[in-house]
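Heads up: the structure comes next, in structure tokens.
When a residue number appears, it is its place in the shown sequence, counting from 1. Computation of the quantities below employed the complete heavy-atom set of this structure, encompassing side-chain atoms and omitting hydrogens, waters and symmetry-equivalent molecules.
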Amino acid sequence: MNKIKDVVVAGAGIGGLSVALGLAQQGVDVTVFEQANVLGEVGAGLQMSPNAMKVLRQLGLEEALHPYAFEPKQATMRHFKSGEYYLKAPLGQAAIDRYGAPYWHLHRADLHRVLVEACQKAGVTIRLGATVAGYQKSDQNSSVVLCLLDGSEYETDLIIGADGIRSVIREQMLGKKAPDFMGQVAWRGVVPVASLKTVNIQPDACVWVGPGRHLVTYYVRGGEWVNFVAVEERGGWQSESWREEGDINELRSAFAGWHPEVTELLATADSTFLWALNGRSSLRTWYQGRVVLLGDACHPMLPFMAQGAAMAIEDAYVLVASLMSKPLPDALASYEILRKPRTVRIQNMSKDNTSLYHMHGGLFGQMKLNAVKVASQFAPSVIQAKLDPVYGYDVVKAVAAWS
């Protein structure tokens, strides 16, 4: 068997660190190259659904993450102005009972820090200030060479491109193509609960739906902070930066007149970051020779199913398992075959939620929301039928069945 002994990971995000940790735990020498000079994450929350938690559990991280987690009681969908509930789907203990793992809210920085510490303990080398310029094949094709912007090179058995939607590795593999602007921008930020004076934010994973925009709220850091993600439709995006500091007053104006839980939350926020929501069409391949893509580098998605980080974490588990059980060409092919259908499905589900969250379709759109409300109250199995394939997916069992 063509045993992988040394691996390079481009990118020290959630997906890159997850695959680095998994490989190191299997005895592989792993080096992560990260262009940032300091490890860290912009302040924002993540929803770690049971499908992702099963992988974090396999990586041995559940106990370390528990002190930072918040466990929401339910997933909800509410009217932007009246606060009327269209959806109530139980989480908490109900999620554990149904899916075999918890549904947690985590601050991205907390998950990132725990992953970094676990990687370092497992022997992963993390090189900062190392900007990836591309790669080249070795003369014998028995290895591959990572090329850095400073001219240095690193020869290895395999390169994993976990370098995000603007992946340099993907660009060399498949050609230069800008990501597709999805016609929406997202403001993200956190607010200390102690700063909220007159409203109680419900302990839910809540989507506030409104005309042409929506807003998500949930607790992080054990309930100390409220995380918000506010999404607005826009006709164009002129900024060269994929994220920048947002104008907090512009954000407040965009959601003026919404429910008091929303308006006070935004009135209390003192800063926000602004993202363009971008995507890509399904790639024709995720690998070439001794180079393979992972996470947003191969399947970026709108955050309307809260599955972006979860999909990268699942990718990591499948890629590690494939590399440890099959020769390299077969391992990379198996990884893509197992992962691509699921990620495409989640991409499409996320995109489809736009019309629901943004009240598209006039009377027909309102009928769809009312149908969700009726199903939530009288036919919860209909709601579960949509969530079960996402939250109930067990990548560990899927890999075992595939093998």
For this session: Tell me, with the steps shown, if L21 and L17 meet side chain to side chain contact (heavy atoms under 4.5 Å, CB included).
Result: CA-CA 6 Å; L21 177 59; L17 292 176; over 6 Å; no

For this session: Decide yes or no on side chain to side chain contact (heavy atoms under 4.5 Å, CB included) for F80 and M359, but give the supporting numbers first.
Result: CA-CA 10 Å; F80 75 103; M359 293 183 161; 4.2 Å; yes

For this session: List the steps and the verdict of side chain to side chain contact (heavy atoms under 4.5 Å, CB included) for M324 and K3.
Result: CA-CA 8 Å; M324 292 301 100; K3 181 69 173 177; 3.7 Å; yes

For this session: Determine, stepwise, if the pair E153 / Q136 fulfils side chain to side chain contact (heavy atoms under 4.5 Å, CB included).
Result: CA-CA 10 Å; E153 297 179 345; Q136 59 187 25; 3.6 Å; yes

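Within the model, atoms CG of L332 and CG of L319 stand 7.0 Å from one another, a figure rounded to the nearest 0.5 Å. For the atom pair D204 CG and K73 NZ, the distance stands at 10.0 Å (nearest 0.5 Å). Taken to the nearest 0.5 Å, the CZ atom of F33 stands 4.5 Å off from the CZ atom of R127. If you take CD on Q347 and NZ on K340, they are separated by 10.0 Å, rounding to the nearest 0.5 Å. Atom CG of D110 sits about 10.0 Å away from atom CG of L46, to the nearest 0.5 Å. Between the CG atom of D163 and the CG atom of L294 there is a distance of 10.0 Å, given to the nearest 0.5 Å.
Between R108 and R188 there is no side-chain heavy-atom pair separated by less than 4.5 Å. Using a 4.5 Å heavy-atom cutoff, the side chains of H214 and H358 are in contact. Side chains of L265 and F255 form no contact here, defined as non-hydrogen atoms less than 4.5 Å apart. By the 4.5 Å heavy-atom criterion applied to side chains, V199 and T263 are not counted as neighbours. A 4.5 Å side-chain heavy-atom check between L146 and I169 finds at least one atom pair inside the cut-off. Residues E261 and C206 fail the side-chain proximity criterion, which asks for heavy atoms closer than 4.5 Å. Using a 4.5 Å cut-off on side-chain heavy atoms (C-beta onward), T156 and R290 make no contact. Here the side chains of L128 and E34 are in contact, with some heavy-atom distance below 4.5 Å.
H66 NE2: 12 or fewer foreign heavy atoms inside a 6.0 Å radius.
Contact record, A75 with L91: N-CD1, 3.6 Å, taken as the closest heavy-atom pair. Shortest non-hydrogen contact noted between L115 and I14 is CD1-O, 3.9 Å. Shortest non-hydrogen contact noted between E232 and W187 is OE1-CH2, 3.1 Å. Closest heavy-atom contact between L293 and S167: CD2-OG, 4.2 Å. Summarising the geometry of I248 relative to A269, their closest heavy-atom pair is CG1-O, 3.7 Å, with the distance given to 0.1 Å. In terms of heavy-atom proximity, S271 sits nearest to E245 at CB-OE2, 4.5 Å.
In terms of the side-chain contact (heavy atoms from CB on, under 4.5 Å) criterion, residue partners of K177 (sequence neighbours excluded) are, by chain and number, D180, R280. With sequence neighbours left out, S381 forms a side-chain contact (heavy atoms from CB on, under 4.5 Å) with no residue at all. Applying the ring pair (Phe, Tyr, Trp, His ring centres under 6.0 Å) rule to Y68 yields no partners; only residues at least two apart in sequence or on another chain are considered. Not counting sequence neighbours, the partners of T343 by the side-chain contact (heavy atoms from CB on, under 4.5 Å) test are W286, H299, M311, D315, R339. Under the rule for a side chain to side chain donor-acceptor pair (under 3.5 Å), the partners of S49 that lie at least two apart in sequence or sit in another chain are N51, Q307. In this view, H259 and W208 satisfy the ring pair (Phe, Tyr, Trp, His ring centres under 6.0 Å) rule, not counting sequence neighbours. Under the side chain to side chain donor-acceptor pair (under 3.5 Å) criterion, Y218 pairs with N227, not counting sequence neighbours. Take Y219 and apply the ring pair (Phe, Tyr, Trp, His ring centres under 6.0 Å) test, not counting sequence neighbours, and it matches F70. Under the ring pair (Phe, Tyr, Trp, His ring centres under 6.0 Å) criterion, Y85 pairs with no residue, sequence neighbours left out. In this view, Q25 satisfies the side chain to side chain donor-acceptor pair (under 3.5 Å) rule with no residue, not counting sequence neighbours. With sequence neighbours left out, K81 forms a salt bridge (charged side-chain N to carboxylate O under 4.0 Å, His left out) with no residue at all.
Counting only distance, with no hydrogens or angles, the side chain of D157 and the backbone of V7 share no donor-acceptor pair below 3.5 Å. Side-chain N or O atoms of Q172 include one that pairs as donor or acceptor with a backbone N or O of Y135 at under 3.5 Å. Under a 3.5 Å cut-off, the side chain of E264 and the backbone N or O of K197 do form a donor-acceptor pair. Between the side chain of N353 and the backbone N or O of F304, at least one donor-acceptor pair lies under 3.5 Å.
Between the side chains of R252 and N249, a donor-acceptor pair is found at a separation under 3.5 Å.
Between M173 and the choices V292, V291, L283, the side-chain contact (heavy atoms from CB on, under 4.5 Å) rule is met once, by V291.
Taking the six-membered ring where tryptophan is involved, the planes of Y391 and Y99 are perpendicular, since the angle between them exceeds 60° and thus also 30°. Taking the six-membered ring where the residue is Trp, W225 and H107 present perpendicular rings, their angle passing 60° and hence far from 30°.
Aromatic pair Y335/Y287: ring centres not closer than 6.0 Å.
The list of salt bridge (Lys or Arg N to Asp or Glu O under 4.0 Å) pairs with a residue in residues 86-102, not counting sequence neighbours, reads R98-D388.
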